[in-house]
Amino acid sequence: MTGVGIGFVVGILPGLGGLVGMSLVLPFIFGMDAFSGVALMIGLISVIHTSDTFPSVLLGVPGSSGSQATIMDGYPMARAGEGATALGAAFFSSLVGGVMGGISLFAIILVARPLVLALNSPALFMLVMLGLSMVAVLSRQSPILGLLAGLLGMLISAIGAAPAAGTYRYSFDILYLSDGIPLPVLALGLFAIPELLSLLVTGSSVAGDGKLSGSIFSGVRQALRNKWLIVRSAFLGTGVGIVPGLGGTVVDWIAYGAAKQTIRDSENFGKGDIRGVIAPESANNAKEGGALVPSLLFGIPGSGTTAVLLGGLILLGFEPGPSMVSTNLNVTLSIVWTLVLGNVFAALLCLVMAGPIAKLTLIPSRVFAPFLLVILVVACYQTSRQWGDIIALGVFGMLGWFMFKYNWPRAPMLIGFVLGSSAERYLGRSIQLFGFEWMTQPMVIAIAIVIVLIVVGLSRERPAPAGGEGEGR
Amino acid sequence: MTDDALTPNPWAGAWLTVVMLAISAAAFAIATGFVPATTRYFPLIISAACILVALVDLGRRAFASAPARRGDGGSMAEAGLLNHVANAPPGAIIKYALWFFGYLLVIWLVSLVLASGLFVAAFLWREAKARWWTALLSGVIVIGLVILAGNVFHIRWPASLVDPLKPLL
């Protein structure tokens, strides 16, 4: 429960994520008994991707890296006074996704070894390409600008140390740039600052006309109506989570894109469609179960959060690896059930808090804007604790503002940034290991076909007419 | 409303594409100097693609309908291609941008902790028309919360101009 409580607060604060939360509790793990320590860490992980929905929906600010796609439809719903409905649907989807992720972890971990080992560098590169194809999904109204934004995101990801080499690229001898641009700084700059400026300029509250319609329960009802979408997204989230180094930051986009592609009447996606909230929220909670598979089985951390978790397990005296499904199976089972219970507690806590917190959307922007800006600057600064974080927030805030003003899709830039370094790393390894013959591998061809089908499917569809709040923005 | 008025102005925001083109070209030029060669392929390919796509975008704008090129920015908003913010008076945008950058400047001058309190108090008093004591109290609370956050997260706040004066205080 302590882990759930800390995770709840960390998730609500924009820009802070699992890594910060885990770093906070890690010092307290030392000396704890094994099961309490595991419960503290897993409880925290399980709640962060539930409570991070609050800022994404209510403020249009990513609560953490896993809740970026929720903004696309959650925030327009909040602007229409339906913040409580969006939150209700999001938390219920998170609950189901999280529980399914935990159960999937239990079911998969004993048989996942051959699956994870089958994913070599070419397959991982193609999975990254699959993630990048979401750029096409998110920028259908302005595909050229979307593509350009995605490529620029990849270019920004090239700043800093090159993979497997001692070369610093585009760092201009500035120490801050040698580590690359941190994801929270880019995300907050691109999304939070423009939204804040927009609210101030219009002088309204987030909910616009000052009324809240809908309720938490109407959100839960709508989520129940889309139960198969929740289930599909949860399986997708678990599957993507299993892939080391891919899931953490992109699973919500993949789930969002997949939902948009596979369900009918998706023209309202990006304008406040509840299904655009349900899919990423179910997937990003389910992903945690999947991400624990390579972490526990091979000691491969899929994200910064799981890297700290592995550190915590080692502190508690457990060596991640095959022993987690043999001699330490009881610890693994404890992790599974803590994950399931943690998700249940997290969802209940968030559902209880959602009503009062949704009322924040009624506060006039000129009252809450200064507080929010202080939170953004503090959250941004703690990313790498250098002046560069604050300057970069200003720079990307300006860029985000102009992209917002001229209807450039901003989400593709974030996806390009997130996947750029992985794309380079896996492509480099593929060429090193297989030359150009990596392209003839069956799994590569299979994933390529899926990507082509997505892009061709999109090009055959007629884009929806442009609206005030265009998709992918 | 005429058809011309409804046609979006294809050159609205074109300068942003031009800036991106310039950045991509600079990135391409810089990437040619990266050693070893393996570190330059990715930025070269991506920046070249950026240049190509930016040129395609400019070409698309150039070949868009001629009457629209003479249109004004407002017509684009009427066509629904620009959001409501595009029609906001530039003065309002500049004012709030100045608040934002002013806050960053004050952080540099007097430290993040103090600047946050000052910013919240000043903004609430000036923009939200809050009572002076409400604004002041809010500023003090924010200072307390920022100090608390610093202690909880073990954050050393960014250096400011007044830092050397701290031992004198």
Side-chain angles (χ1 to χ4, degrees), chain A residues 20 23-24 144-145 147-148 151-152 154-155 158 162-165 167 169-170 193-194 196-198 200-203 364 366-367 369-371 373-374 377-378 381-382 385-387 389-391 393-394 397-398 401-408 420 423-424 427-428 465-470 473, chain B residues 12-13 16-17 20 23-24 27 30-31 34-36 38-43 46-47 49-50 53-54 56-57 60 79-86 88-89 92-93 96-97 99-101 103-104 107-108 112 116 119-120 123-124 127-130 138 142 146 149 152-153 155-159:
Chain A
V20 173
S23 310
L24 272 177
I144 294 174
L145 294 180
L147 183 60
L148 185 53
L151 288 167
L152 285 164
M154 293 179 87
L155 201 55
T167 306
R169 299 180 301 199
Y170 304 121
I193 300 297
L196 198 58
L197 268 177
S198 153
L200 284 170
V201 166
T202 54
R366 281 169 198 159
V367 174
F371 297 98
L373 188 58
V374 170
V377 169
V378 169
Y381 176 72
Q382 73 79 39
R385 301 179 180 192
Q386 297 178 54
W387 251 109
D389 288 330
I390 297 175
I391 296 168
L393 178 71
M398 269 202 303
W401 168 257
F402 286 119
M403 291 177 79
F404 179 74
K405 184 175 176 183
Y406 295 115
N407 270 14
W408 279 51
E424 180 180 13
L427 180 62
E469 298 287 331
R473 297 181 58 239
Chain B
L16 192 55
T17 307
M20 297 302 184
I23 291 171
S24 307
I30 293 167
F34 293 146
V35 281
T38 49
T39 63
R40 81 173 75 116
Y41 296 143
F42 181 76
I46 299 297
S47 53
C50 280
V53 177
V56 168
D57 181 53
R60 179 186 64 88
L81 292 178
L82 279 187
N83 51 66
H84 56 281
V85 174
I93 297 163
Y96 292 115
W99 271 107
F100 173 57
F101 287 106
Y103 173 41
L104 302 190
I107 291 174
W108 177 65
L112 188 141
S116 299
F119 169 71
V120 167
F123 194 95
L124 287 178
E127 295 296 329
K129 311 288 180 214
S138 302
V142 164
V146 173
V152 171
F153 296 115
I155 301 174
R156 195 172 166 209
W157 298 113

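The figures here come from the full heavy-atom set of this structure, side chains too, leaving out hydrogens, waters and symmetry mates. First the proteins, then the strands, lettered A, B, ... as listed; each starts at 1.
Here the CE-CZ distance, from A:Met398 to B:Phe101, works out to 4.5 Å after rounding to the nearest 0.5 Å. With rounding to the nearest 0.5 Å, the separation of CE in A:Met154 from CD1 in B:Ile46 is 4.0 Å. Note that the CG atom of B:Leu16 and the CE atom of A:Met403 stand 7.0 Å from one another [nearest 0.5 Å]. To the nearest 0.5 angstrom, B:Met20 atom CE is 7.0 Å from A:Leu148 atom CG.
Here the side chains of A:Ile390 and B:Leu112 are in contact, with some heavy-atom distance below 4.5 Å. Using a 4.5 Å heavy-atom cutoff, the side chains of B:Thr17 and A:Tyr406 are not in contact. Considering only heavy atoms from C-beta on, A:Val378 comes within 4.5 Å of B:Trp157 through its side chain. The side-chain heavy atoms of A:Phe371 and B:Leu124, taken from C-beta on, include a pair separated by under 4.5 Å. With a 4.5 Å cut-off on side-chain heavy atoms, A:Pro370 and B:Trp99 do not count as touching.
Looking at B:Val120, the atoms closer than 4.5 Å to chain A (heavy atoms on both sides) sit in the backbone and in the side chain alike. The part of B:Val35 that comes within reach of chain A is its backbone (N, CA, C, O), which places non-hydrogen atoms under 4.5 angstrom from that chain. Interface residue A:Arg169: backbone and side-chain heavy atoms are both found under 4.5 Å from chain B. Contacts between B:Tyr103 and chain A at a heavy-atom distance below 4.5 Å involve the side chain alone, from C-beta outward. Heavy-atom distances place no part of B:Ile23 under 4.5 Å from chain A, backbone and side chain included. Proximity to chain A (any heavy atom under 4.5 Å) is shown, for B:Ala130, by neither the backbone nor the side chain. Using a 4.5 Å cut-off between heavy atoms, B:Leu104 contacts chain A through both its backbone and its side chain. In this structure, chain B has heavy atoms under 4.5 Å from both the backbone and the side chain of A:Phe402. Only the side chain of A:Ile193 comes within contact range of chain B, judged by heavy atoms closer than 4.5 Å. Proximity to chain A is limited to the backbone of B:Arg156, based on heavy atoms less than 4.5 angstrom apart.
With respect to chain A, the highest number of heavy-atom pairs below 4.5 Å among B:Pro43, B:Ala97, B:Ser24 belongs to B:Pro43. Each of A:Leu196, A:Leu147, A:Thr167 has some count of heavy-atom pairs under 4.5 Å with chain B, and the biggest count is that of A:Thr167. Ranked by heavy-atom pairs shorter than 4.5 Å toward chain B, the options A:Val367, A:Leu393, A:Leu373 are led by A:Leu373.
No donor-acceptor distance shorter than 3.5 angstrom exists from the side chain of A:Trp387 to the backbone of B:Pro158, with no hydrogens or angles considered. The main-chain N or O of A:Val201 is never found under 3.5 Å from a side-chain atom of B:Tyr96 such that the two would form a donor-acceptor pair.
When all heavy atoms of A:Ile144 and B:Val53 are compared, the pair lying nearest together is O-CG1, 3.5 Å. Of all heavy-atom pairs between B:Glu127 and A:Arg366, the closest is O-CD, 3.8 Å.
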(request) Please step through ring-ring contact (aromatic ring centres under 6.0 Å, His included) for the pair A:Tyr170 and B:Phe34, ending with a clear verdict. (result) CA-CA 9 Å; A:Tyr170 304 121; B:Phe34 293 146; 5.2 Å; yes
(request) Mind running side chain to side chain contact (heavy atoms under 4.5 Å, CB included) on B:Cys50 and A:Leu152 for me, showing each step along the way? (result) CA-CA 7 Å; B:Cys50 280; A:Leu152 285 164; 4.0 Å; yes
(message) side chain to side chain contact (heavy atoms under 4.5 Å, CB included), that's the test. Do A:Leu155 and B:Phe42 meet it? Break it down for me.
(response) CA-CA 9 Å; A:Leu155 201 55; B:Phe42 181 76; over 6 Å; no
